[in-house]
K.L.:
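Please find one structure pasted underneath; my questions will follow.
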Amino acid sequence: MKKYEIVFVDIDDTLNPSNEKTSEYTKDVMRRLKEIGIKVVVNTGRSAKYAIEKSLEAGLSEYIISSNGAEVYNYHERQEIFSKPIDNENIKSIYDYCVTHNMTIILNSLEKRYINIKDYKYNNEPAIYFDNIDEILANNKINQLVVLSCNYDRMLVLPNLFKEKFPKLKVIHSSVGLIEEKRVKDKEYYHDLVLENTAKSTGIVELLEYLDIDSENAIAIGNGYDDICMTDVVGTSVAVDNATHILKELVTYITDSAANDGVAKILEKLCLNDE
């Protein structure tokens, strides 16, 4: 059996279905992996705060990669290993654009999440309401922006518009409906923005170097378009059965769906059969 040292796993619709709890079976497999020294690291487009909550819930390692690779964090030690904060000038310009066009904007920093709409939870994640952008920027490094709107046509053209206006930023991930150009009535769409040359693979490379682990001894597991980049920087890649077809064409293995504990099943097979 190949000797693995670390696993990078997406959360939503990979580790578990979106906004659902981790199953007891998956928790047990994670416990057994920890006992033999294999680190399982959340690698998500979600905020660091949410990543930490899911890591603790599932009994994973002390490390998380959040905001689509813009943050690598040891939450046990409260140690920032890597971050790529967006400059304040770009944040203010995008904030002004969102206010002008009646759009929601979310700002992710380490362990804090801010939003410009009161009493609103995006993806069931709580966030701190703000109405003074200067105050937020004076006290926080912002590593990812999320812009949201039900205006499908505006959201469809936004990546090209932002590419011209903000060349140092990139839209790293978007609603599947925008990627596949499928309009749904009254649906709220999103774009995640980070600094250029940032992706989930960035966080993996940084953490592997920090821990001095060879990429051949690493596994990455995902389901979405933003997980494709992970396949390039690990020795073994896995897609859950509910993953996008493009990802499934590129990975080493395909496992069961998130709803059927696919992550736990493949890790049990690859890492624990000769335990």
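Only heavy atoms go into these numbers, but all of them, side chains included; no hydrogens, no water, no symmetry mates.
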K.L.:
List in chain and number order the residues that pass ring pair (Phe, Tyr, Trp, His ring centres under 6.0 Å) with Tyr114, two or more places apart in sequence or in another chain; answer none if no residue qualifies.
P.N.:
none
K.L.:
Apply side chain to side chain contact (heavy atoms under 4.5 Å, CB included) to Thr252 and list each qualifying residue two or more places apart in sequence or on a separate chain.
P.N.:
Thr236, Ser237
K.L.:
Look at the side chain of Thr26 and the backbone N and O of Ser23, then say whether any donor-acceptor pair between them is shorter than 3.5 Å.
P.N.:
no
K.L.:
Restricting to pairs with a member in residues 152-177, which pass salt bridge (Lys or Arg N to Asp or Glu O under 4.0 Å), not counting sequence neighbours?
P.N.:
Asp153-Arg183
K.L.:
Would you check if the side chain of Lys34 reaches a backbone N or O of Val29 as a donor-acceptor pair within less than 3.5 Å?
P.N.:
no
K.L.:
Check Glu57 with Lys54, please: is the shortest side-chain N to carboxylate O separation under 4.0 Å?
P.N.:
yes
K.L.:
Backbone N or O of Val9 within a donor-acceptor pair of the Asn43 side chain at under 3.5 Å?
P.N.:
no
K.L.:
Mind checking who shares a hydrophobic cluster with Ile172, ILVMFWY linked at side-chain heavy-atom distances under 4.5 Å?
P.N.:
Val194
K.L.:
Would you call Arg113 and Glu125 a salt bridge, taking side-chain N to carboxylate O under 4.0 Å as the test?
P.N.:
yes
K.L.:
Any side chain to side chain donor-acceptor pair (under 3.5 Å) pairs touching residues 203-213, not counting sequence neighbours?
P.N.:
Gln79-Tyr210
K.L.:
Going by the angle between their ring planes, with limits at 30° and 60°, are Phe166 and Phe162 parallel, tilted or perpendicular?
P.N.:
perpendicular
K.L.:
Which pairs with one or both residues in residues 71-88 pass salt bridge (Lys or Arg N to Asp or Glu O under 4.0 Å), sequence neighbours excluded?
P.N.:
Arg78-Glu111, Glu80-Lys141
K.L.:
Please tell me whether Tyr190 and Ser174 have a donor and an acceptor in their side chains that are separated by less than 3.5 angstrom.
P.N.:
no
K.L.:
Determine yes or no for a side-chain-to-main-chain donor-acceptor pair under 3.5 angstrom, with Thr198 supplying the side chain and Leu195 the backbone.
P.N.:
yes
